[in-house]
Amino acid sequence: MQIATWNVNSLAVRLPQLLDWLQAHPVDALVLQETKLTDEKFPAAELEAAGYHASFHGQKTYNGVALLTRSAHEGVIKNIPGFADEQARVIAGTVGGVRVVGGYFPNGQAPGSEKFAYKMAWLAALEAWLQQELAAHPKLVLLGDFNIAPEDRDVYDPVAWAGQIHCTAEERAHFQALQGLGLVDAFRLFEQPPKSWSWWDYRNLAFRKNQGLRIDHILVSQALEGQVAACTIDKAPRKNERPSDHAPVVLTLKD
DNA sequence: ATGCCTCCATCGTGGAGA
């Protein structure tokens with residue numbers, strides 16, 4: 001079973017690339033972030049023609065998430081129960097006995113800002129909810145654009161980024177709190193190439209210079225850890241014309 | 001370096017992203 005995440009930065013723009021990618025990588029489940037589409041504009045028919053069931057939770061201009069699965073999924077939840085949120089950032093569903101929770105974590109803009117406070121409150125609510133989800137669904141995957149670089153080795157220039165957004169002690173403490181729930185960073189279960197990033201700024205030729213951050217993650221529950229066979233970042237779509245600034249991350253589970 | 005790119009909303013240009 002393969003489960004993947006991709007921040008597409010506008011599904012309206014990236015749909016052709018998504019369809020190409022799914023044809024080459026027919027993963028069992030894929031969560032999308034930054035679809036930037038209201039639900040009536042979601043390309044459900046095109047994705048169904050490509051062999052995917054889709055659930056989606058979107059809005060105009062910003063945010064927006066989706067869950068695509070080859071077989072039907074059930075138990076869909078949109079956003080964090082009990083956490084009032086105008087922003088469409090979470091979608092969860094169950095497929096093949098695995099609870100899949102996709103998230104577009106808040107950016108946070110800058111430490112001390114209102115958006116940073118929202119990010120902290122959102123993360124606390126996510127953790128409280130996930131504790132219940134894990135109790136109900138021991139086999140759980142949390143994946144998406146976390147907007148957190150968990151360690152200095154996830155940052156191309158940790159000195160320049162020290163204390164900056166994505167790299168603050170507060171954000172990293174929340175990443176550790178998620179690990180404290182029993183979730184494991186699947187990418188780090190394996191030896192990985194140094195300078196492995198999932199996002200490269202559009203500006204400053206960052207991709208060409210491989211100046212990026214690893215902020216898109218796949219965390220697996222303890223009940224699934226033994227089944228993890230691989231976790232890789234697929235840089236290929238970042239080389240497309242008009243690419244997303246993020247690359248997909250793919251988890252492979254043994255049966 | 002208040003820069004760089006890309007997208008959205010909108011039709012000239014500002015906000016946001018990370």
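A note on names: the letters A, B, ... follow the listed sequences, proteins ahead of strands, and every chain is numbered from 1.
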Side-chain N or O of A:Lys36 less than 4.0 angstrom from OP1 or OP2 on B:dA9? no
By the salt bridge (charged side-chain N to carboxylate O under 4.0 Å, His left out) test, which pairs, at least two apart or in different chains, include something from residues 105-130 of chain A? A:Lys119-A:Glu171
Within the 4.0 Å heavy-atom criterion, would you say A:Lys119 contacts the bases, only the backbone, or no part of the nucleic acid? nothing
Would you call A:Arg214 and A:Asp185 a salt bridge, taking side-chain N to carboxylate O under 4.0 Å as the test? yes
Tell me what A:Gln164 touches on the nucleic acid: a base, only sugar-phosphate, or nothing, going by heavy atoms under 4.0 Å. nothing
Is the phosphate of B:dA9 approached by A:Thr61 (side-chain N or O, under 4.0 Å from OP1 or OP2)? yes
What's A:Asp145 touching, base or sugar-phosphate or nothing? Going by heavy atoms closer than 4.0 Å. sugar-phosphate
Any residue meeting ring pair (Phe, Tyr, Trp, His ring centres under 6.0 Å) with A:His174, in chain and number order, not counting sequence neighbours: none
Measure from the side-chain N and O atoms of A:Arg238 to the backbone N and O of A:Pro248, and report whether any donor-acceptor pair falls under 3.5 Å. no
Rounding to a whole Å, what distance do you find between A:Glu241:CD and B:dC5:C1'? 15 Å
Rounded to the nearest angstrom, tell me the gap between atom CD in A:Gln59 and atom P in B:dG17. 11 Å
Among B:dA18, B:dG17, B:dC8, find the nucleotide with the atom closest to the side chain of A:Ala12. B:dC8
Does A:Asn147 make a side-chain donor-acceptor contact with the base of B:dA18, cut-off 3.5 Å? no
Output all residues satisfying side chain to side chain donor-acceptor pair (under 3.5 Å) with A:Gln227, sequence neighbours left out; order by chain, then residue number. A:Lys139
Do A:Trp21 and A:Asp234 have side-chain N/O donor and acceptor atoms under 3.5 Å apart? yes
Can you check the A:Tyr62 OH to B:dA18 C1' distance for me, whole Å? 14 Å
Rounded to the Å, how far apart are A:Leu205 CG and B:dT6 C1'? 14 Å
B:dT6 phosphate, OP1 or OP2: any side-chain N/O from A:Asn9 under 4.0 angstrom? no
Using a cut-off of 4.0 Å on non-hydrogen atoms, how would the nucleic acid contact of A:Ile215 be classed: base, sugar-phosphate, or nothing? sugar-phosphate
Using the P atom on both, measure B:dG14 against B:dA18 and round to a whole Å. 22 Å
For A:Phe105 and B:dG17, give me the distance from atom CZ to atom P, rounded to whole Å. 16 Å
Please give, in whole Å, the distance from B:dA16 C1' to A:Gln33 CD? 17 Å
According to salt bridge (charged side-chain N to carboxylate O under 4.0 Å, His left out), does anything in residues 190-205 of chain A pair up with another residue at least two apart or in another chain? List the pairs. A:Asp201-A:Arg203
Between A:Leu11 and A:Lys115, who's closer to the 5' end of DNA chain B by nearest nucleotide? A:Leu11
What pairs with A:Thr94 under side chain to side chain donor-acceptor pair (under 3.5 Å), at least two apart in sequence or on another chain? A:Arg99
With a 4.0 Å cut-off on heavy atoms, is A:Asn7 in touch with a base, just the backbone sugar-phosphate, or nothing at all? sugar-phosphate
Between B:dC8 (P) and A:Lys60 (NZ): distance, integer Å: 12 Å
Does the side chain of A:Tyr104 get closer than 4.0 angstrom to OP1 or OP2 of B:dA18 through an N or O atom? yes
Could you tell me whether a side-chain N or O of A:Trp200 sits under 3.5 Å from a main-chain N or O of A:Asn210, the two making a donor and an acceptor? no
Pairwise P distance for B:dA16 and B:dA1, with rounding to whole Å: 24 Å
Within this structure, what is the CG-to-P distance between A:Asp201 and B:dC4, rounded to whole angstrom? 11 Å
Does B:dA18 have OP1 or OP2 sitting under 4.0 Å from an N or O in the side chain of A:His246? yes
Taking atom P in both B:dT13 and B:dT2, compute the distance separating them and give it to the nearest angstrom. 23 Å
Which ones in residues 167-176 of chain A lie close to DNA chain B, meaning a heavy atom under 4.0 Å from one of its atoms? none
Please tell me if A:Ser10 has a side-chain N or O lying less than 4.0 Å from either OP1 or OP2 of B:dC8. yes
Is the shortest side-chain N/O distance from A:Arg203 to OP1 or OP2 of B:dG17 below 4.0 Å? no
